[in-house]
Undergrad: 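Take a look at this one; I'll ask things after.
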Amino acid sequence: MVKIKFQNVRKVYNGTDVVDNLNLEVATGKFTVLIGPSGCGKTTTLKMVNRLVDPSAGEIFIEGKNISDLNPVDLRRRIGYVIQQIGLFPNMTIAQNIEVVPRLLHWPKQKRLDRTAELLSMVGMDPQQFMNRYPSELSGGQQQRIGVLRALAVEPPILLMDEPFGALDPITRESLQDEIKKLQMKLGVTVLFVTHDMDEAIKLADMIVLMREGQVEQAASPEKLLSDPVSDFVQEFIGKKHLPTNYDVESVWEIMNPNAVTIAKTKGINESIALMNKRNVDSLIIVDENRKLEGIVSVEEIRAAGRQESRIRRIGDLGIRQVPTINIHSQARDAFDLIVNENPRFIVAVDDEDIVYGIVTKTSLVKALAGVVWGDETDV
Amino acid sequence: MDELISKTLSHLFISLGGVSISAVVGITLGVLLTRISFLSAFVIGFSEILQTVPSLAMLAILMMFFGLGNPTAMMAIFLYSLLPVVRNTYTAMRGVDSSLLEAGKGMGMSRWQLLFLVEIPNAFPVILSGIRVSLITAYGIVTIAVLVGGGGLGGYIYRGTQTVNIGMILKGAIPICLMAVGTDFLLNKVEKKTSIEKRGK
Ligand SMILES: Nc1ncnc2c1ncn2[C@@H]1O[C@H](COP(=O)(O)OP(=O)(O)OP(=O)(O)O)[C@@H](O)[C@H]1O
Ligand SMILES: [Mg+2]
């Protein structure tokens, strides 16, 4: 189901198209994240939903209604709005801040009070302790929690958030991310969230909308975006560092065994045999000086070469066999499929440049599954 | 003693009266200017000119219109305090954190609600400090207003200087000083209550 629909939306500032023929559908009850380089039009796109900015051309529909036909003030009261600067009113207490929209909608006093207490409890803040404080008496993280609660006060079906956690320290940011995701799933609210942090997008999003110069470059689930980037731009924006971390759906990176036994192709036969004995493995991954994959050799092949007393001195000169590989950014599921279907002894985990990072074996898959079934000990 | 009290009261009354009028007019004007910004340079410039007119001259000019007595004094105070009030209101309104305006607007406040729930309350401490300055200046102007037939403690000082009677001068000067100090203390306290305490630090 579509909650918000952008149809050929355009916004022109000083002759330049800040948002350029944008077409986008935001699904009901989902967490949609707008991401992209600075100045690509994320904030402008967001603000067009609650009519803080009106499009120069095109239409925006909420539940099928063209929002240009709606009264902006009424519209905004039904859409939660959270900004990076938080914007709590310093002259009002926490309770008064949360009750702004309920008051605008003339809720009776008792209903407001109950709702405020309920909201505070939802994020683990004691109502008695916090209701009558002023924003300045709260930490940044607590303030933004209130900012979120204030936006959720009248249970709006839509929540807009513009880099809400951008100014918080990493630890506070993490916990607020967890909280907003929980709240979103619990309340079923449709969230449109702006960030420039790929980790955050991957962690929170059901759908990531990567924008570039006012247009949608790619709109896809995090998994899809990571595995099938449509362009070099997407690939580059995702960047290497973002991929393996905070990846909800487990990636190969997380389940692989990083202690793959590799050997440079220039090493001698005897050295190879010694290494195999020492590490107690029956094959070696041969790499070049940059750890780029060349192939594998098994213990039998090395022994055969050794018996011949042949001219072969270097391991790289042996007949190297190809080996199944998988990209470290791929989903663990893909590695699983590969192992189940083709039954190799192991798969080599490589990056886009074929650099070896580790191996995936049946053992690593079993460990990963055990982590899912019994919980991951490293989390305790 | 009765005379001292009545003169003190009328001194206060004239000052507060003039400043109250300028507070009402000045705050309205200041708020209005934030909405029609091209007028602001003009209005603020005009009240700046008003303030450069020497107080004695101002009183004399006003006397021609309002005659002798307290209304003239009040009018003078009104004109003098207009500038600080308008200017402080204007800058205070302009200085309200733009994120508060965006939050308020984004939550669905109408323009009036934004004005009364966000802008004015957050500008209030600075507006108040303009009123405080005006009021303290007013005590001094009322002293001179005795020359245009105004009441107040200026009478003692005037008579004292005529007769070279230090005691008489002090009888007028000391209550004025106390008033000024008291006003400053009181309004400072209110300013702090409305700003610093709530904003922390
Ligand atoms: N009110 C405005 N008047 C003129 N230009 C504007 C206005 N608002 C935004 N712009 C311009 O439009 C472009 C897009 O701005 P926008 O704020 O939507 O970008 P953004 O993707 O949110 O960037 P950031 O990540 O830096 O927040 C920018 O070049 C900006 O300078
Ligand atoms: Mg932005």
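So that the names make sense, note that chain A is the first sequence line, chain B the second, and so on, each numbered from 1.
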Undergrad: Write out all pairs satisfying ring pair (Phe, Tyr, Trp, His ring centres under 6.0 Å) with one or both partners inside residues 27-57 of chain A, taking only residues at least two apart or from two chains.
TA: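 Those involving residues 27-57 of chain A are A:Phe31-A:Phe193.
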Undergrad: Keeping the roles fixed (side chain from A:Lys11, backbone from A:Val18), state whether a donor-acceptor pair exists under 3.5 Å.
TA: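 No.
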Undergrad: Do the side chain of A:Gln143 and the main chain of A:Pro135 share a donor and acceptor less than 3.5 angstrom apart?
TA: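 Between the backbone of A:Pro135 and the side chain of A:Gln143 there is a qualifying donor-acceptor contact (under 3.5 Å).
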Undergrad: Identify which part of A:Ile79 has an atom lying under 4.5 Å from any heavy atom of chain B, answering side chain, backbone, both or neither.
TA: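 Just the backbone, heavy atoms under 4.5 Å.
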Undergrad: With chain A, which of B:Ser99, B:Ser98, B:Gly104 has the greatest number of heavy-atom pairs at distances under 4.5 Å?
TA: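 Most heavy-atom pairs under 4.5 Å with chain A: B:Ser99.
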Undergrad: If you count heavy-atom pairs under 4.5 Å with chain B, which of A:Arg51, A:Arg150, A:Gln84 comes out on top?
TA: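 Most heavy-atom pairs within the cutoff with chain B belong to A:Arg150.
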Undergrad: Please classify the contact between A:Leu88 and chain B as side chain, backbone, both or neither, with a heavy-atom cut-off of under 4.5 Å.
TA: backbone
Undergrad: Using the test salt bridge (Lys or Arg N to Asp or Glu O under 4.0 Å), find all partners of B:Asp184 that sit at least two apart in sequence or belong to another chain.
TA: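 B:Asp184: salt bridge (Lys or Arg N to Asp or Glu O under 4.0 Å) contacts with B:Arg132.
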